[in-house]
Amino acid sequence: MSAPLLHVDQVGKRFGGFVALDSVNLDVAEGERVGLIGPNGSGKSTLVNCICGTLRNETGDVIFAGQNINTLNTHERTHRGLARSFQLPRPFMSLSVAENIRVPLLYTVNARGGHHLHGSELDDRCVELLKLVALDKKANKLPRDLTQVEMRKLELARAVAAEPKLLIADESMAGLSHSEVEDIVALLIRLNQRGITIIMIEHIMSAVMTFSQRLVVLVSGKKIADGKPDEVIKDQEVVGAYLGQ
Amino acid sequence: MRTPLFIICEVVVATVLYLLFRHYGNDYFFFAGYTVLQFVVMATAWNILGGYCGYVNFGSAGFFAIGAYSSVFFYTVGQNVQDMDPGFLTSVLHVIFPIPVPILIVFGGAFAGLVGLGTGYLTLRLRGVFFAIATLALAVVIETLIVNWEYVGGSRGAYIIPPNTVPVFGPYIQYLFVLMLVMVIVGLTAARLIERSRLGYGFATIRDDELAAEASGVPTLKLKLIATVLSGALMGMAGSTFPFYLGFTEPGSVFDLSYAVNSIAMPMIGGTTSWVGPLIGAILLGTMQQVATVTISSVANLLIVGLMLIGFVIVAPNGIVGLWQDWIAKRSKS
Ligand SMILES: Nc1ncnc2c1ncn2[C@@H]1O[C@H](COP(=O)(O)OP(=O)(O)OP(=O)(O)O)[C@@H](O)[C@H]1O
Ligand SMILES: [Mg+2]
């Protein structure tokens, strides 16, 4: 097996005296679809924050595409191909829906030095990305005119717009209807087939099981299981962690 | 509107304004007009950091003072050159000094921009109110340094004696007025360019949500530094002609509370999201203050500004431009 795209090595993070992440190891291979689950407060979002640089891990290393990115700022990690959606949507409130998408195009895609998008190309790409999440009709609206569900979709589209190698979707589906969940799962699988490696954090188990090729379970900041989804959910410790909740 | 066309419009408006003043006005008009224009530059400058990026700067007077005292400094050096013994060096210096005012404007802008860069490095990791306090402290530090710097007059102040007239322009104040008009054009053009560019989007994301901005690839610290430098440089430029305007420069007048208050109040009242806001706010408040100075007293100025600021913050937080946009939106709906 070649080197993993993402290698999380003994990453630890404390908030005051509280241990949020306790020496977590995680490898994600290129092209993989990984589900990350765990009870509320188990440290999933904290792990995402450490991988993406929103928070700094106190111990351990984050290796991405063969390079240690521990000391890089978030935007540098995004430029290198890491993108994430926030669990609680954080749209740019003063920008329209389409302009929200434009930001990663201008600052990440165009910063990579490949083909430079400008003019109508930019507009077209924004519409294209909004169509993925069925928000194209709302392109000129402000985020405050969106529903909570639409904001989640915008959050996901903005992360996808950065054309990442690794996309981390932090609970993009909370509050969505059954058919919407299916749409988003289908979208994530399609993106994966286009070559994007994806880590999906989710509480909706049907979505997790449809999506994941591998399942990782975090409990109280520790990784307690990592393997084939149908085996992991039968694991005694995992069942215990969820029942004990 | 494309930028070249926009600049042409600005130049036309500025020329018409100048000719009207020349034709109908007197020197008092130019004195008052200069002050209003100076506020347009200050408000526009403040808005680049405060309005576009959301970083409130209470230290405008500090940047303004750097511009002013950079001019005082070079003027004083020029005076000393005149008294030097003749020699090769002196004859070279005689070619350089006195430095023409337009170049002093560039110097003032450069120094203030540099200080902006330094301050940015030290303070831009601070959020919200802490940044605001740091800028306030910066102004105090600069004031202390200048009060103790004897070469530029220290606490006593320094005299600059401008010539009475200038070729082409006539009275010196008219010359300063035109220079300030040019700075207004530079400031407004820069602000409008930023708004419509990638930089403008970047600034807006910083104002809205820095974590999300970083996650979208926006180098927030770099952009904030750019904003501080641009904003500081414009304020320094506005300050650099001040010593020639008053003839006498002292820390008390340069660090007047009114600079800090006005450069915040004018964009807030006009509207902070576009270049039009600071322009409208500065013309409105600046003119009102000029009228109040003549009709009531100069003490009334800050009171008026303060009351208006409170009123707007409560009733129309997006300023006059915001009110206008709401009105348009309502009309198009009905
Ligand atoms: N900035 C912070 N400061 C202090 N404590 C924090 C901070 N962020 C997270 N925590 C704590 O760390 C723990 C892990 O939080 P985290 O958000 O990573 O959990 P999670 O697994 O994403 O949970 P959920 O499923 O609810 O999203 C929680 O107990 C939380 O209260
Ligand atoms: Mg979470």
Side-chain angles (χ1 to χ4, degrees), chain A residues 48-49 51-55 72-96 98-112 116-118 122 126 142-145 151 154-155 157-164 167-168 170, chain B residues 2-3 47-48 50-55 121 124-125 127 193-227 267-268 271-277 317-319 321-322 325-326 328-330 332-333:
Chain A
V48 176
N49 286 334
I51 293 172
C52 296
T54 306
L55 289 173
L72 296 187
N73 291 321
T74 303
H75 72 268
E76 293 167 315
R77 301 186 194 202
T78 308
H79 291 179
R80 293 201 180 188
L82 257 170
R84 58 89 62 94
S85 66
F86 287 94
Q87 180 170 2
L88 292 174
R90 309 181 74 126
F92 303 121
M93 284 303 205
S94 68
L95 300 182
S96 74
E99 285 171 328
N100 264 269
I101 304 296
R102 194 180 262 263
V103 172
L105 295 179
L106 288 174
Y107 277 95
T108 299
V109 177
N110 278 354
R112 285 202 184 111
H116 207 86
L117 297 166
H118 47 79
L122 270 170
C126 287
L142 284 173
R144 64 161 182 259
D145 298 323
M151 279 204 208
L154 173 61
E155 188 68 36
R158 194 175 63 188
V160 174
E163 295 179 9
L167 172 68
I168 308 180
D170 193 354
Chain B
R2 295 201 145 269
T3 304
N47 202 46
I48 290 176
Y52 296 170
C53 297
Y55 274 77
Y121 261 115
L124 281 171
R125 288 175 184 86
R127 272 308 280 167
L193 266 177
I194 290 171
E195 240 167 69
R196 293 157 172 256
S197 68
R198 187 173 103 113
L199 201 56
Y201 278 109
F203 286 173
T205 64
I206 289 171
R207 177 183 61 211
D208 288 351
D209 190 326
E210 280 188 48
L211 286 184
E214 277 278 328
S216 297
V218 180
T220 53
L221 182 61
K222 183 175 145 197
L223 259 54
K224 286 186 284 183
L225 285 174
I226 293 175
M268 299 273 261
T272 53
T273 50
S274 90
W275 61 272
V276 190
N318 295 322
V321 172
Q325 284 166 344
D326 289 349
I328 296 278
K330 245 183 226 145
S332 65
K333 257 179 204 157

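Chain letters run A, B, ... following the sequence lines, proteins first and then strands; every chain starts at 1.
There is no contact between B:I206 and chain A, counting heavy-atom distances below 4.5 Å. In this structure, the portions of A:R90 lying under 4.5 Å from any heavy atom of chain B include both its backbone and its side chain. For A:R102, the part sitting under 4.5 Å from any heavy atom of chain B is the side chain, from C-beta outward, and nothing else.
Pairing each heavy atom of B:D208 with each of A:M93, the nearest pair is OD2-N, 3.2 Å. Considering all non-hydrogen atoms of both residues, B:P219 and A:Y107 come closest at CD-CD2, 3.7 Å.
Note on B:A215, B:S216, B:A204: by heavy-atom pairs under 4.5 Å with chain A, the leading option is B:S216. Top candidate by heavy-atom pairs under 4.5 Å with chain B, chosen from A:A83, A:P104, A:A159, is A:P104.
Here B:N318 contributes atom CG and A:S94 contributes atom OG; the two are 10.5 Å apart, rounded to the nearest 0.5 Å. Rounding to the nearest 0.5 Å places OG1 of A:T78 at 7.5 Å from CD of B:E214. Note that CZ of B:R198 and CG of A:L122 are 11.0 Å apart. Values are rounded to the nearest 0.5 Å. Annotation: the span from B:L211 atom CG to A:N49 atom CG amounts to 8.0 Å, rounded to 0.5 Å.
Taking 4.5 Å as the limit, every side-chain heavy atom of B:V218 sits out of range of all side-chain heavy atoms of A:F92.
Judged by distance alone, with hydrogens and angles left aside, the side-chain atoms of A:H75 form no donor-acceptor pair with the main-chain N or O of B:A213 at under 3.5 Å.
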